[in-house]
Chemist: 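I have a structure I would like to understand better, so I am pasting it below and will then ask my questions one at a time.
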Amino acid sequence: MHEGYIYRGHGEPHDGIERLPDPPPWRDMRRQGGFEGGEHIRPAGARAHTYRATEATVQSVNAALMLRRPLLVTGPPGSGKSSLAYHVAHELRLGRVLQWPITSRTTLKDGLYSYDAIGRLQEAGLAASGQPSRSSWEPGTYDGPGSAYDDGSRPEQPDIGAFIRLGPLGTALLPVERPRVLLIDEIDKSDLDLPNDLLHVFENGEFVIPELARVSRTAPTARVHTDDDGLTWPGHAMITGGRVSCTNFPIVILTSNGERDFPAAFLRRCIRLDLPSPDTQRLAEIVQAHLGYEGVRRGADLIEDFVRRRADGTLSTDQLLNAVYLLLGDGTSETQAELLEQVLRPLGPGD
């Protein structure tokens, strides 16, 4: 059994965990940041600092900014598609990135808002029995002239706004002075209908919350939670008439691994950017950004080997970073070689 291993598999308890080295910079959970200018700075800031934009990327981002169109970024795994959103938000000082990860079950409503009808029903039961509220804010909170309870009366039902939370897309469409950055990650994994469902929202920059619109005559305004709730202040927004309309179209970056085609109507409304697999020079720049010059010097041969392996199977750039990090470790050369083989296994079905 190799001395360089932390876990040795023999089942005898030992204190090897104390020899565990510091994590890679991109996996350091201690880097939780703090508050800066009212904005909660999270570990994603490291992604912005290490990202390296190409000239084509700069041109496409500026086209999307000026035209107020979504940017559809297509490329292989590890090409920096998602990191681009964090880089744009960091450079333009636009605060926290709103992230909407897509799966095959994702619907448009998931990105716009959610309504906790069961929670509101439970609150109504508590109110009827005279028990204190458990909602995020006291039902019937006065929100200014024209609000639901401007007459000073107490509501018979819990405040509906306390049970509505805007999703990432819904939060991005709030009226703000500076646009928000919205990352819609892996749109190619969505249901076939989602790209078409997004067309109206992208074209008009607004949507309606039916639960609020139905009560708008008696409650013209409602305070709802946002996707920032618990992360940035204040974490809520005022909605009038049940309609959310942006004043500045958000900077929307959609990523795709190229696993499917999109409808022409959807593509027509997007600026498209194709990211190729980074070449040897670009890989060296990425390694240096994450692991410094020493990573490039000691990992030069590994970078060349990575490029050769990539030609025969699917490999992502983060696999290279993992391999170089292990190469810089203190283990024996034999241990390192075996670990490198583990992290550089192809991602394709032929693995």
Chemist: If you draw a 6.0 Å radius around CG in L20, do more than 12 non-hydrogen atoms from other residues or ligands fall strictly inside?
Modeler: yes

Chemist: Does any N or O in the side chain of T218 come within less than 3.5 Å of the main-chain N or O of V215, such that one atom is a donor and the other an acceptor?
Modeler: yes

Chemist: Would you be so kind as to tabulate the donor-acceptor pairs closer than 3.5 Å made by side chains of residues 106-113, with sequence neighbours excluded?
Modeler:
unit_1: T106; atom_1: OG1; unit_2: T103; atom_2: N; d: 2.9
unit_1: T106; atom_1: OG1; unit_2: T103; atom_2: O; d: 3.4
unit_1: T106; atom_1: OG1; unit_2: T103; atom_2: OG1; d: 3.2
unit_1: T107; atom_1: OG1; unit_2: D110; atom_2: OD2; d: 3.2
unit_1: D110; atom_1: OD2; unit_2: T107; atom_2: N; d: 2.8
unit_1: Y113; atom_1: OH; unit_2: E211; atom_2: OE1; d: 2.7
unit_1: Y113; atom_1: OH; unit_2: E211; atom_2: OE2; d: 3.4

Chemist: Tell me, with the steps shown, if T57 and V73 meet side chain to side chain contact (heavy atoms under 4.5 Å, CB included).
Modeler: CA-CA 9 Å; T57 299; V73 185; over 6 Å; no

Chemist: Is any side-chain heavy atom of P24 closer than 4.5 Å to one of L321?
Modeler: no

Chemist: Please walk me through it: do T280 and L283 pass side chain to side chain contact (heavy atoms under 4.5 Å, CB included)?
Modeler: CA-CA 5 Å; T280 302; L283 287 171; 5.5 Å; no

Chemist: Would you give the length of the straight line joining atom CZ of R165 to atom OH of Y115, rounded to the nearest 0.5 angstrom?
Modeler: 15.0 Å

Chemist: Test side chain to side chain contact (heavy atoms under 4.5 Å, CB included) on I102 and D188; report intermediate values, then the result.
Modeler: CA-CA 8 Å; I102 303 298; D188 53 331; over 6 Å; no

Chemist: Mind checking whether N257 and E186 have side chains closer than 4.5 Å, heavy atoms only?
Modeler: yes

Chemist: From S316 OG over to L344 CG, what is the distance, rounded to the nearest 0.5 angstrom?
Modeler: 9.5 Å

Chemist: Rounded to the nearest 0.5 Å, what's the gap from CG on L84 to CG on L183? Could you check?
Modeler: 9.0 Å

Chemist: Going through the distances and angles, do V287 and L320 end up as a side chain to side chain contact (heavy atoms under 4.5 Å, CB included)?
Modeler: CA-CA 8 Å; V287 170; L320 172 63; 4.1 Å; yes

Chemist: Which residues pass the side-chain contact (heavy atoms from CB on, under 4.5 Å) test with T74, sequence neighbours left out?
Modeler: L72, S256, D274

Chemist: Write out all pairs satisfying salt bridge (charged side-chain N to carboxylate O under 4.0 Å, His left out) with one or both partners inside residues 237-264, taking only residues at least two apart or from two chains.
Modeler: K189-E259, E206-R243

Chemist: Sequence neighbours left out, what pairs pass salt bridge (charged side-chain N to carboxylate O under 4.0 Å, His left out) with at least one residue falling in residues 278-294?
Modeler: R282-E285, E294-R297

Chemist: State the CG-CG distance between L291 and L327, to the nearest 0.5 angstrom.
Modeler: 10.0 Å

Chemist: Quick one: list whatever passes ring pair (Phe, Tyr, Trp, His ring centres under 6.0 Å) with F262, sequence neighbours left out.
Modeler: F266

Chemist: In terms of hydrophobic clustering (I, L, V, M, F, W, Y; side-chain heavy atoms under 4.5 Å; direct or indirect links), are V208 and L166 co-clustered?
Modeler: no

Chemist: Which heavy atom of P76 sits nearest a heavy atom of L275, and at what distance?
Modeler: CD-O, 3.2 Å

Chemist: Using atom types as modelled and distance alone, determine if a side-chain donor or acceptor of T247 lies under 3.5 Å from a backbone N or O of V176.
Modeler: yes

Chemist: Residues two or more places apart in sequence or in another chain: which of them pass salt bridge (Lys or Arg N to Asp or Glu O under 4.0 Å) with D305?
Modeler: R308, R309

Chemist: Who are the salt bridge (Lys or Arg N to Asp or Glu O under 4.0 Å) partners of R105, not counting sequence neighbours?
Modeler: none

Chemist: I need the minimum non-hydrogen distance between I271 and S60, along with the two atoms involved.
Modeler: CG2-O, 3.9 Å

Chemist: Looking at CD1 of I187 and CH2 of W100, how far apart are the two atoms once the value is rounded to the nearest 0.5 Å?
Modeler: 6.5 Å

Chemist: Are L174 and I239 side-chain neighbours, meaning at least one heavy-atom pair lies under 4.5 Å?
Modeler: yes

Chemist: Main chain of R345, side chain of Q319: is a donor-acceptor contact present, judged purely on distance under 3.5 Å?
Modeler: yes

Chemist: Who are the side-chain contact (heavy atoms from CB on, under 4.5 Å) partners of S216, not counting sequence neighbours?
Modeler: none

Chemist: Picking from L169, D228, T226, what satisfies side-chain contact (heavy atoms from CB on, under 4.5 Å) with L98?
Modeler: D228

Chemist: Under a 4.5 Å cut-off applied to non-hydrogen side-chain atoms, are D116 and I118 in contact?
Modeler: yes

Chemist: In chain order, what residues pass the ring pair (Phe, Tyr, Trp, His ring centres under 6.0 Å) check against H14, with sequence neighbours excluded?
Modeler: H10

Chemist: For residues 71-90, which residue pairs qualify under salt bridge (charged side-chain N to carboxylate O under 4.0 Å, His left out), counting only residues two or more places apart or in two chains?
Modeler: none

Chemist: Looking at R223 and H236, would you say the former's side chain and the latter's main chain have a donor-acceptor pair under 3.5 Å?
Modeler: no

Chemist: Minimum heavy-atom separation for L173 to F207, with atom names?
Modeler: CD1-CD2, 3.8 Å

Chemist: Please name the pair of heavy atoms, one in S83 and one in Y51, separated by the smallest distance, quoted to 0.1 Å.
Modeler: CB-CD1, 3.6 Å

Chemist: Within the side chain of R269, is there an N or O that forms a donor-acceptor pair under 3.5 Å with the backbone of L198?
Modeler: no

Chemist: About how many Å separate CG of L92 and CG of L65, when rounded to the nearest 0.5 Å?
Modeler: 6.5 Å

Chemist: For the residue pair V324 and G295, what are the closest heavy atoms and their distance?
Modeler: CG1-O, 3.6 Å

Chemist: Between D227 and R180, does any NZ, NE, NH1 or NH2 come within less than 4.0 Å of an OD or OE carboxylate oxygen?
Modeler: no

Chemist: Return the set of residues passing side-chain contact (heavy atoms from CB on, under 4.5 Å) with E91 (not counting sequence neighbours), or none when no residue passes.
Modeler: H87

Chemist: If you look at every heavy atom in G242 and L212, which pair is closest and at what distance?
Modeler: CA-CB, 3.6 Å

Chemist: Could you name each residue pair satisfying salt bridge (charged side-chain N to carboxylate O under 4.0 Å, His left out) that touches residues 61-70, not counting sequence neighbours?
Modeler: R69-E203

